[in-house]
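Working notes for the structure below.
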Protein chains: 2
Amino acid sequence: MKRATAQNVAIEAGVSKWTVIRAFTPGASITEASKAKVLEAAERLNYRPNLLARSLATNSTHQVAVLVDDFANPHKLPFLEKLTASLQAEGLVTMLININEHYSHVHAILNADQRQVDAIVLFGTAFHDEMLTDHKLGRGGPPMFVLARDSQIEGVPAISCDAVVAIAEIGKYLLEKGYRRPGFMAGAVHCLRRLAGGGTLRSFGEPLSGSNSSRCLPSAIAQESGAQAARDYLSKIAPEDRIDVLMCENDALAFGAMDVARSEFGLRVPNDLAIVGFDNAAPAASPAYGLTTYEQPTDQMVKATIDMILERAPRETVNFQGKLVVRGSA
Amino acid sequence: MKRATAQNVAIEAGVSKWTVIRAFTPGASITEASKAKVLEAAERLNYRPNLLARSLATNSTHQVAVLVDDFANPHKLPFLEKLTASLQAEGLVTMLININEHYSHVHAILNADQRQVDAIVLFGTAFHDEMLTDHKLGRGGPPMFVLARDSQIEGVPAISCDAVVAIAEIGKYLLEKGYRRPGFMAGAVHCLRRLAGGGTLRSFGEPLSGSNSSRCLPSAIAQESGAQAARDYLSKIAPEDRIDVLMCENDALAFGAMDVARSEFGLRVPNDLAIVGFDNAAPAASPAYGLTTYEQPTDQMVKATIDMILERAPRETVNFQGKLVVRGSA
DNA sequence: TTGTATGCGTTATCAA
DNA sequence: TTGATAACGCATACAA
């Protein structure tokens, strides 16, 4: 059975189809009588307006593409939940696109563009700056935003947590706690956060792994990477030569590192090795980890993103300040 | 700058707009010469086909709505990743809808329907059977599927893991390991899994909490619920009267229970209290938990869902068998 | 192979 | 307030 259209309802109600449209348009000028008549007929035919046709006519889909490339990060889920919920609260719908080796960012951006989304949000992580420019949409393309990651691209505002301030704050805390031989573990992503770490933490410590490369690694980030990196380091370096605190680029890495340090090398955290994460993912609060970490102001970031999408705020890069969450691990 | 349309390209190339369409339609009959001419003109004008208009004309959006109501479950993320990746591999796009107290399932289904999605997948959890019938779409509405949860609704196939078999397998394992005083902890969701637990596990154990109510709880499921339930139980029941193994409806509950048992009551797992989860969420594999749990065959489930959406398989309820994953906690 | 007419279901604009 | 005409961008069916 085909769905009823405004035309069908019009005939059923004995009016023109434009009157039907008006009955479904808030604030349209229509008499109560006609409206009632139309709604009744619509009810009988089980009519529901076709938003696709509306979008074509109004040139607005109220749909926002959200590109995610790093599902492995446990931090992503609550962030994504907030984002979708907030979009929905504004009448926007989320088109979720999963970036991976089989589906590139270019493919995703092109697809989203052709589907006439109102905006594209690159949510995080392994996007390189070049990625945002090689799609050549230009002319009439949707506005793009980078969330939870920095970007230097002209015309692509970034909404992120100030990594430099964050690293400085963490470093200050660690110094005060008496740690003197810090190291840090970089992940595959968050290029700038890593660079910030390289600038700040490196001043009093050395990278544990990965960070000797100046480019972002293509692989997905995960707990296992952290475990393997820690395993490599701890089995290679003698106890007396080891760092005394490990700063990880994100919590997933920290969990993996802590797992290995404790269960494979019998180290006590923080006594033998202190560990700091970044993101304040859910497991960080669990007694099983009790991870000292840094929390991004996700609420503010989501709000800022949506304000920019709706043009309630200027579309320009903003940095918010997060906060250190101290637990037992450092 | 407005985007170029097929008409613009037609003029630029000196052909009719239908020839332009043909140039962008694989397998259409068009000479190489015209095609080249069109593609060149399209390139010049930066033309990209409007999929919205195509959808309106073809009556197919290649868009699938995925309704999620339980983002707190750590199991959801990798499952969702698989689902979206597999949909994309078939040329389908995910419309992610977040069901919560501010955005009901009815609202979501209506919205998805009006946006002309090709299918609606209810991914999850706290959906009641009644929820699937009170939208009265009928006539021309998209097909609906229930993923990772059971359903008795006529015309709404469920793709799930066989809970009865799972519980039986877990029960058998626990018996063999010598546990004799099992209890189980039900969450807010997975009604049938709970019922199955009530039927199977209850035969040799009593519910720990929540399960005395016959209806599903409205609250979201989370680690904290498990922690609180365990806290209530352990502080109320004397050590000699306690169960010896706790079967949790999902891993999140199990993590919370394990946290409390160990850190607040000093219990050793599994010696003082064994714990079993359900889902094999990522942290279950970590040494910090080492949770014995049950893994759903997510690959099969995702594949089955997509086969039904694309009508490559009959649209009828299917149950797949998962597998017990034994670790240290029981 | 190419061009033409018509339809998809709605909105915008104007006339009655 | 209501009806009519045009437009949104593309696809289908048919004619040339």
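Everything numeric in this text was worked out from a predicted model, so none of it was measured. Lettering of chains follows the sequences in order, A, B, ..., and the numbering in each one begins at 1.
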Quiz item: When you measure from the side chain of B:Thr58, which nucleotide among D:dC10, D:dA11, D:dT2 comes out closest?
Solution: D:dA11

Quiz prompt | Nearest-neighbour nucleotide for the B:Trp18 side chain, D:dA11, D:dT2, D:dT5 considered | solution = D:dA11

Self-check item: Most 5' of A:Arg54 and B:Gly14 on DNA chain C, judged by nearest nucleotide
Solution: B:Gly14

Quiz item: With nearest nucleotides of DNA chain C determined for B:Lys35 and A:Ala53 from heavy-atom distances, which residue corresponds to the more 5′ nucleotide?
Solution: B:Lys35

Should [X] and [Y] count as side-chain neighbours, where that means a heavy-atom distance under 4.5 Å?
X	Y	answer
A:Val318	A:Met308	yes
A:His107	A:Ile97	no
A:Thr94	A:Leu83	no
B:Arg3	A:Asp113	yes
A:Leu87	A:Ile309	yes
A:His62	A:Leu51	no

Exercise. Assign each of A:Ser29 and A:Lys17 to its nearest nucleotide of DNA chain D by heavy atoms, then name whichever residue's nucleotide is nearer the 5' end.
Key: A:Ser29

Reckon [X] touches a base, only the sugar-phosphate, or nothing at all at heavy-atom distances under 4.0 Å?
X	answer
B:Phe24	nothing
B:Thr25	nothing
B:Leu56	base
A:Ile21	base

Length of the line joining [X]:[atom1] and [N]:[atom2], which is rounded to integer Å:
X	N	atom1	atom2	result
A:Asn59	D:dG9	CG	P	7 Å
B:Gln7	D:dA11	CD	P	14 Å
A:Arg22	D:dG3	CZ	P	8 Å

Quiz item: First and last nucleotide of DNA chain C touching chain A, 5' to 3', heavy-atom cut-off 4.0 Å?
Solution: C:dG9 to C:dA12

Quiz prompt | A:Asn50 and A:Arg54: side chain donor to acceptor below 3.5 Å | solution = no

Quiz item: With respect to the phosphate group of D:dG3, does any side-chain polar atom (N or O) of A:Thr19 fall under 4.0 Å of OP1 or OP2?
Solution: yes

Self-check item: D:dC10 OP1/OP2 closer than 4.0 Å to side-chain N/O of B:Ser55
Solution: no

